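Here is the structure we will look at.
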2 protein chains.
Amino acid sequence: MTSALGSPGEAARALTIRDVARHAGVSISTVSRVMNGKRVRPELEQAVQQVLSDLNFRPSAVARSMVNGTTQTVGVLVEDISSAYYAELIKGIEGVLEKTGHHPLFKSSHWNVEFEEEALRVFLDHNVDAIIVVGGLLPEARLAALVGRLPLVIVGRSGLSRVSLSLGAALLTLDQRGGAALATRHLIELGHRQIVHLCGRPTQEDALARLQGYRDAMAAHGLEVRPEWVLEGDFLEVVAYRAMLGLVERKLPFTAVFAANDQMAFGANLALHRKGLRVPDDVSLIGFDDLPVSAYMVPPLTTVRQPAQQLGEAAARAAHDLMNHTSPVLAQLQLNLVLRESTRALRR
Amino acid sequence: MTSALGSPGEAARALTIRDVARHAGVSISTVSRVMNGKRVRPELEQAVQQVLSDLNFRPSAVARSMVNGTTQTVGVLVEDISSAYYAELIKGIEGVLEKTGHHPLFKSSHWNVEFEEEALRVFLDHNVDAIIVVGGLLPEARLAALVGRLPLVIVGRSGLSRVSLSLGAALLTLDQRGGAALATRHLIELGHRQIVHLCGRPTQEDALARLQGYRDAMAAHGLEVRPEWVLEGDFLEVVAYRAMLGLVERKLPFTAVFAANDQMAFGANLALHRKGLRVPDDVSLIGFDDLPVSAYMVPPLTTVRQPAQQLGEAAARAAHDLMNHTSPVLAQLQLNLVLRESTRALRR
DNA sequence: CGCGGGCGTGATAACGTTTTCTGCATGACC
DNA sequence: GGTCATGCAGAAAACGTTATCACGCCCGCG
């Protein structure tokens, strides 16, 4: 182990393929060929490999990208990396991309279309090999313009027919509206009639779909939705908390709450607790998402499970397929009810 | 014959600076100069700017990196992107890097030193301008080898004196041991004597430090730590949940629990609830981290706040300073107790 | 024995920028 | 009015790889 080739301790300029070639007494072409597994005379191959490992040489990914036009990078755009739901989705994406040798480049758009545009620019500038867009507000035309330039996977946007038609894009959605109806129906079947809905951020497509699903289920059972039952929200705990406090204080009668996501359910749960209302004895509470923590809420939260991680995995796989020019097989993912302890039959 | 959908396989080759030069009737040098704000005759500048915006031209970041050796990228290595605590930290990093025009490249090491090594390799291969390492198990020598090659920021690793000594690296830590002592002392001051500690993952430096802090505080008050009070864990809810169930079933007396992180506190909270023990009336419970959800636990969780987001911000700022060759000013961040409703004075 | 065809190797041209160098004006100063 | 500085544009050299091309060698076959 005598690694005494460099003088000790100064601005160690990074090695290049030339250095390897010089040490091995071959041309740079040969070094390149060895690294890429092309045919080379065995003894030369051996020599080069030796130098490669002696010098601990690693070729510059930038230079590689320059010549073969691919970066092994995938741009991933979500609303907020650190939000619990997206974190799960990201975990899925990360997991499969790790295996395919691609590197995700995550960007948060912060629910702001300007940031989304900017992220797209950055992705394009950096020549990512594919883009995964999760939700967001980008107009269809903007997305369509991407198709053909590079593989595009769109997650959680409905009504983007044109884009999906052109090959080179994949569309993944979950039936948010149906899931919301599922949740609401569950409450109805438990005997609840006065069901409050805590809405998500109104600029989010998902929030609207869930509100609609709630209305669907109510209508399907001939139940009126009183305006004071639909409470504005934004997917965050604090707003749900305040809204729920307000509702109780106004003494409006209700027996169940459907929150547009689990985070809001947490807020509602605490508010109800503060007001001395027991969940589920006095009020049934159902959420949406099934975050990892939701199972540990007190009481454990009944909710509609979104397979976020699997969705991320499917998105990454689709991106991978698209990059390989094979048409992606899109797993058909389902929302389903997970029954825990925050809902119960209405006492008559 | 140009069809509306474009010819198949005819992916619009990206524009280059040459195209701009040709359209503007100037040399590529001039285009480059205009883009970089160097002096150019006004009418030429005007013409080039016009073409630039007409063509909506964006220079290739890869080619740029190639020549000026910088990528505007920062490698960020954490245990798990999607874990709640790291998510917050990442949010901080992302926030300030967004402003400095750098792009974070996040990698999860999954508590596996092999993955850590791999991530480092990827960062180096891609020629990131700086690296931020959060926790992890990389040996000091490995980290030291990085110093000098590029700016390095290490978060949450204590006892890395040599590295910190050499300029070009920044070290950020929080006093985990002190924080744990803070939590434990709080319980002691409330009159508790039989205090259980739910340990974090034993391979994690932080977990050990917190255990030590717990012992410190107990010892400082002349309290014995009975072996059956320190419960093995791994920072996850489920293990804490099971451990707590087991403890109660064994009918060992205790009046308070200090969980090594909030997630474990959630698990413990549910277990206690299941066993009919009320928090805080029967058992006081304190966590560590102060995750965003913790304020919405029922009851709201008393915990030791880690300023994760600010820590991330500080790390990113340090990286930025290091890249600018200015010595980083390291904000001195503190852990502090946030009193909520999961602890109360022991009834005598 | 000559010649064509693999095969393996080195030289070299890309890739798309920025930077350096060169050249040509123009203006200033003696 | 000549010489020198100065300003600005274009040509060309870099950056570190991979792909293409051309060449030399050995082998087999006629």
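Per chain, numbering begins at 1; letters A, B, ... match sequence-line order. Note that the coordinates shown come from a computational prediction; the quantities given were computed from them, not determined experimentally. All values below come from the heavy atoms of this structure, side chains included, with hydrogens, waters and symmetry mates left out.
A:Glu205 and A:Ser158 form a side-chain donor-acceptor contact under 3.5 Å, judged by distance and modelled atom types alone. With no hydrogens or angles considered, a side-chain donor-acceptor pair links B:Thr100 and B:His102 at under 3.5 Å.
The CZ atom of B:Arg22 sits 12.5 Å away from the CD1 atom of B:Ile28 when rounded to the nearest 0.5 Å. Put simply, CG on A:Asn112 and CG on A:Leu137 are 8.5 Å apart, with the number rounded to the nearest 0.5 Å. The CG atom of B:Leu77 sits 11.5 Å away from atom CZ of B:Phe106, with the distance rounded to the nearest 0.5 Å. Here the OG1-NZ distance, from A:Thr30 to A:Lys38, works out to 11.5 Å after rounding to the nearest 0.5 Å. Taken from CD in A:Glu88 to OG in B:Ser82, the straight-line distance is 8.0 Å, to the nearest 0.5 Å. Between the CD atom in B:Glu94 and the CD atom in B:Glu313 there is a gap of 11.5 Å [rounded to 0.5 Å].
Side-chain N/O atoms of A:Ser60 include none lying less than 4.0 angstrom from OP1 or OP2 on D:dG16. Remark: A:Thr16 is not in phosphate contact with D:dG16, judged by side-chain N or O atoms under 4.0 Å from OP1 or OP2. Contact between the side-chain N/O atoms of B:Thr30 and the OP1/OP2 oxygens of D:dG10 is found at a separation under 4.0 Å.
Rounded to a whole Å, the CE atom of B:Met35 is 11 Å from the P atom of C:dT19. Here D:dT17 presents its P atom at 12 Å from CZ of A:Arg58, a figure rounded to the nearest Å. The distance from atom CG of B:Asn127 to atom P of D:dT17 is 11 Å, rounded to the nearest whole Å. Rounded to whole Å, atom C1' of D:dG10 lies 13 Å from atom CD1 of B:Ile17. Rounded to a whole Å, the CE atom of A:Met66 is 17 Å from the P atom of C:dA13. As a whole-Å value, the separation of A:Glu43 CD from C:dC7 C1' is 14 Å. Nucleotide D:dG16 holds its C1' atom 15 Å from the CG atom of A:Leu52, rounded to whole Å. Protein atom CZ of A:Arg64 is 16 Å distant from nucleotide atom C1' of D:dC15, rounded to whole Å.
When each of D:dA9, C:dT18, C:dT9 is scored by its nearest atom to the side-chain atoms of B:Arg41, the top-ranked nucleotide is D:dA9.
If you run side chain to side chain contact (heavy atoms under 4.5 Å, CB included) between B:Thr71 and each of B:Thr73, B:Asn68, B:Val74, only B:Thr73 comes through.
Rounded to 10 degrees, the angle between the two end axes of the helix from C:dC1-D:dG30 to C:dC30-D:dG1 is 60°, with five pairs used at each end.
Within 4.0 Å (heavy atoms only), B:Arg18 reaches at least one base atom of the nucleic acid. Among the atoms of the strands shown, none is found under 4.0 Å from any heavy atom of B:Val62.
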Review item, nucleotides 19-24 of chain D N/O atoms under 3.5 Å of protein N/O:
residue	atom	partner	partner atom	Å
D:dA19	OP2	A:Lys38	NZ	3.2

